*Asks:* 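Before I ask anything, here is the structure I am working with.
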Amino acid sequence: MTSTLPASVQNCHWGFFDAAHPPALSIDSGEEVIIDTVSGGPDMLPGDGFHVPPELLEIHAAGLPSMPGHILTGPVEVRGAQPGDVLQVDILDISLRQDWGYNMIRPLAGTLPLEFPKRQRTILPLDAERQLAHLPWGTDLPLAPFFGVMGVAPPPEWGRISTIEPRRHGGNIDNKELIAGTTLYLPVLAPGALFSCGDGHAAQGDGEVCVTAIETALRGHFRLSLRRDLSLDYPQAETPSHHITMGMHADLDVCAEMALRDMIAVAEARLGISREDAYMLCSLAADLRITQTVNREKGVHMMMPKSQLQRP
């Protein structure tokens, strides 16, 4: 069974995650859902000549959020989900919903917050057929769309939190590896899991250094499944070729340590080896990559080839 959740004033929440926010849709574990998203405030609209999803204008008309952040569609309740479970998010397909994206540089933000004092907004045309973005200086950039924000509700005791900082619940992970055909694993922290997504990116480099990617509207096709045979305290993911662990913290050193510790634990469990040998394997075969450096809580992810997590 596949449900559809369109973006709308009723189905979107802007700027926050909150375990008390009611679900926009309820499904059973293992079911699929198609989720439409939109992105950006009124100051990011492209002007004439581009397609603007009408629901984006309706969301703008309903009023700006009480806290800055992303427009998310959801949450989707997975019936029976309880804290301690793991939500497996299979990303089956991602497609563009509009023919443009935007990039923003603003003072006091990004990786070099004091070096770019002028606000710059750039509208970038997107060619869905050729899967290219046209850059202002005449070159084209291949698209690799993914959702910058995918997350479950935080623990109820956290209350309402911003979408900007990624944490245990996932959220604004900004991991460009999470394209169609990959899987994200999120620890369930509140009843129902309450999955939301948004912050569509048409393309992004590791780091997302100027604070934005090519921000755009996307459609995602997901399968949401409860896993009670897994135990996770922090998000992990996998691509067809790699297992991914993640660390999120204001200090990049701490991010790296978090991602490394989790990968050591994965290697220990999968291979039945000592912690020392798992540490060695991470040094020999895994790659630490900077996910993003702009969301106050920065990110590092470690990628280990799946071939190295299987005994011959």
Side-chain angles (χ1 to χ4, degrees), residues 3-16 24-25 33-76 91 93-106 109 118-150 162-164 172 174 176 179-180 196-204 208 210-222:
S3 301
T4 299
L5 186 62
S8 68
V9 172
Q10 295 76 25
N11 294 339
C12 291
H13 50 106
W14 192 347
F16 67 88
L25 176 70
V33 58
I34 295 171
I35 302 177
D36 285 347
T37 69
V38 291
S39 189
D43 55 342
M44 296 298 125
L45 294 176
D48 295 338
F50 293 98
H51 169 68
V52 177
E55 63 269 27
L56 178 60
L57 302 179
E58 294 168 3
I59 291 168
H60 291 167
L64 297 178
S66 58
M67 60 174 69
H70 309 85
I71 303 173
L72 304 184
T73 307
V76 178
I91 305 165
D93 189 46
I94 302 174
S95 57
L96 297 176
R97 299 191 62 234
Q98 60 189 38
D99 57 356
W100 59 279
Y102 68 87
N103 180 270
M104 170 61 69
I105 298 172
R106 64 179 186 270
K118 295 181 180 179
R119 186 177 185 269
Q120 174 179 292
R121 187 202 68 164
T122 305
I123 299 298
L124 298 162
L126 305 178
D127 185 330
E129 182 176 349
R130 299 171 63 216
Q131 285 292 291
L132 294 173
H134 189 66
L135 302 179
W137 44 90
T139 58
D140 290 328
L141 180 70
L143 303 185
F146 72 97
F147 291 92
V149 176
M150 292 182 284
S162 171
T163 63
I164 293 175
N172 193 21
D174 283 333
K176 74 173 191 176
I179 60 173
S196 299
C197 66
D199 188 29
H201 291 173
Q204 179 202 293
E208 199 189 16
C210 85
V211 88
T212 49
I214 302 180
E215 312 287 326
T216 193
L218 295 179
R219 168 172 289 176
H221 186 173
F222 305 94

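Residues take their numbers from the sequence shown, with the count starting at 1. Quantities reported herein were computed from a predicted structural model and do not represent experimental measurements.
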*Asks:* List for me each residue that meets salt bridge (charged side-chain N to carboxylate O under 4.0 Å, His left out) alongside R97, sequence neighbours excluded, and say none if there are none.
*Replies:* D36, E55

*Asks:* Mind checking whether F146 and H201 have parallel, tilted or perpendicular rings, split at 30° and 60°?
*Replies:* perpendicular

*Asks:* Decide side-chain hydrogen bond (donor to acceptor under 3.5 Å, both in side chains) for T122 and N103; before the verdict, give the C-alpha distance in whole Å, the side-chain angles of both, and the deciding distance to 0.1 Å.
*Replies:* CA-CA 5 Å; T122 305; N103 180 270; 5.3 Å; no

*Asks:* Using the rule side-chain contact (heavy atoms from CB on, under 4.5 Å), only one of L56, T163, T37 pairs with I71; which is it?
*Replies:* L56

*Asks:* Which pair of heavy atoms, one from G101 and one from I214, lies closest together, and at what distance?
*Replies:* CA-CG2, 3.9 Å

*Asks:* From E215 CD over to L124 CG, what is the distance, rounded to the nearest 0.5 angstrom?
*Replies:* 10.5 Å

*Asks:* CG of L143 to OG of S95: how many Å apart, nearest 0.5 Å?
*Replies:* 12.0 Å

*Asks:* At their closest point, which heavy atom of D43 faces which heavy atom of R121, and how far apart are they?
*Replies:* O-NH1, 3.2 Å

*Asks:* Quick one: closest heavy-atom pair of S39 and Y102, and the distance?
*Replies:* OG-OH, 3.6 Å

*Asks:* Distance check, rounded to the nearest 0.5 Å: C210 atom SG versus R106 atom CZ?
*Replies:* 9.5 Å

*Asks:* Run the side-chain contact (heavy atoms from CB on, under 4.5 Å) test on L141 and L132 for me, step by step, so that the C-alpha distance in whole Å, both residues' side-chain angles and the decisive distance to 0.1 Å come before the verdict.
*Replies:* CA-CA 5 Å; L141 180 70; L132 294 173; over 6 Å; no

*Asks:* How long is the span from the OG1 atom in T73 to the CG atom in L25, to the nearest 0.5 Å?
*Replies:* 11.5 Å

*Asks:* Please find the pair of heavy atoms, one from H60 and one from L45, that lie closest to each other, and give the distance.
*Replies:* CE1-CD2, 3.9 Å

*Asks:* Between T216 and Q98, does the side-chain hydrogen bond (donor to acceptor under 3.5 Å, both in side chains) criterion hold? Intermediate values first, please.
*Replies:* CA-CA 7 Å; T216 193; Q98 60 189 38; 3.3 Å; yes

*Asks:* Does the separation of the ring centres of F222 and F147 fall below 6.0 angstrom?
*Replies:* yes

*Asks:* Quick check for you: to the nearest 0.5 Å, what is the distance between I34 atom CD1 and S3 atom OG?
*Replies:* 9.0 Å

*Asks:* Out of curiosity, H221 NE2 to D93 CG, how far, rounded to the nearest 0.5 Å?
*Replies:* 8.0 Å

*Asks:* What is the minimum heavy-atom distance between L64 and P42, and which atoms define it?
*Replies:* CD2-CD, 3.8 Å

*Asks:* Quick one: does H70's side chain have a donor or acceptor within less than 3.5 Å of a partner on G200's backbone?
*Replies:* no

*Asks:* Restricting to non-hydrogen atoms, name the atom on L126 and the atom on A133 that form the minimum distance, rounded to 0.1 Å.
*Replies:* CD2-CB, 3.7 Å

*Asks:* Less than 4.5 Å apart, side chain to side chain, heavy atoms only: is that true for V52 and P46?
*Replies:* yes

